[in-house]
Amino acid sequence: MKKAEKKATPSNCESCEFYDYDEYYEEYTCKMRLDEDEMMRFLQKETASCPYYRYYDEYKSVHKQL
C-alpha cells in the first residue's frame with residue numbers, strides 16, 4: 001500500500017493570476033518564469049498541479065476598500 005500522498009491543489013490556468021493575454025503572440029500564456037527542469041515536468045505532465053497557481057481575484061482591491 002502506498003503512503004498517503006499530499007493532496008495537491010487543483011489548478012486551472014484560466015483562473016490563475018499568471019495567465020495573461022500576450023499581444024505579441026496573440027494568445028493567452030503563463031507569465032510565470034519556469035526554469036528548464038520545471039518546464040519539462042510541466043510539459044510531460046509529471047506534476048499533479050502547478051506549484052505557482054494563485055487564484056486571480058479581479059475584485060481584490062475592491063474588497064480592501066470596503
Side-chain angles (χ1 to χ4, degrees):
M1 185 176 249
K2 291 183 179 180
K3 290 182 180 179
E5 293 181 19
K6 187 176 180 183
K7 212 174 202 183
T9 306
S11 60
N12 179 2
C13 291
E14 293 173 359
S15 65
C16 182
E17 182 176 332
F18 301 112
Y19 193 67
D20 199 17
Y21 188 75
D22 188 328
E23 292 180 7
Y24 182 77
Y25 293 110
E26 296 181 349
E27 63 184 21
Y28 283 90
T29 59
C30 180
K31 299 293 182 180
M32 177 52 77
R33 298 282 183 200
L34 302 176
D35 68 17
E36 189 175 333
D37 294 331
E38 290 172 323
M39 182 58 82
M40 286 304 297
R41 281 192 296 272
F42 178 74
L43 293 174
Q44 294 174 352
K45 300 182 180 189
E46 292 179 5
T47 56
S49 65
C50 179
Y52 303 107
Y53 175 80
R54 264 194 242 159
Y55 178 72
Y56 175 67
D57 184 7
E58 60 186 286
Y59 299 108
K60 193 175 193 177
S61 61
V62 174
H63 294 299
K64 289 182 180 181
Q65 294 173 359
L66 296 178

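These numbers were taken from a predicted model, which means no experiment stands behind them. Residue indices begin at 1 and follow the sequence shown.
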Requested in this report: State the SG-CZ distance between Cys13 and Phe18, to the nearest 0.5 angstrom.
Outcome: 11.5 Å

Query - Value rounded to 0.5 Å, distance of CD in Glu17 from CE in Met32 - result: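 One finds 8.5 Å between CD of Glu17 and CE of Met32.
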
**Report entry** Counterpart residues, side-chain contact (heavy atoms from CB on, under 4.5 Å), relative to Met39 (two or more places apart)
**Finding:**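 Partners of Met39 by the side-chain contact (heavy atoms from CB on, under 4.5 Å) criterion, ordered by chain and then number, come out as Leu34, Phe42, Leu43.
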
Query - Closest contact, heavy atoms only, Glu38 versus Arg33 - result: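 Taking every non-hydrogen atom into account, OE1-O, 4.5 Å.
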
Requested in this report: Using the test salt bridge (Lys or Arg N to Asp or Glu O under 4.0 Å), find all partners of Asp20 that sit at least two apart in sequence or belong to another chain.
Outcome: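 Applying salt bridge (Lys or Arg N to Asp or Glu O under 4.0 Å) to Asp20 gives none.
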
Query - Under the ring-ring contact (aromatic ring centres under 6.0 Å, His included) test, residues paired with Tyr21 that sit two or more places apart - result: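 Partners of Tyr21 under the ring-ring contact (aromatic ring centres under 6.0 Å, His included) test: Tyr28.
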
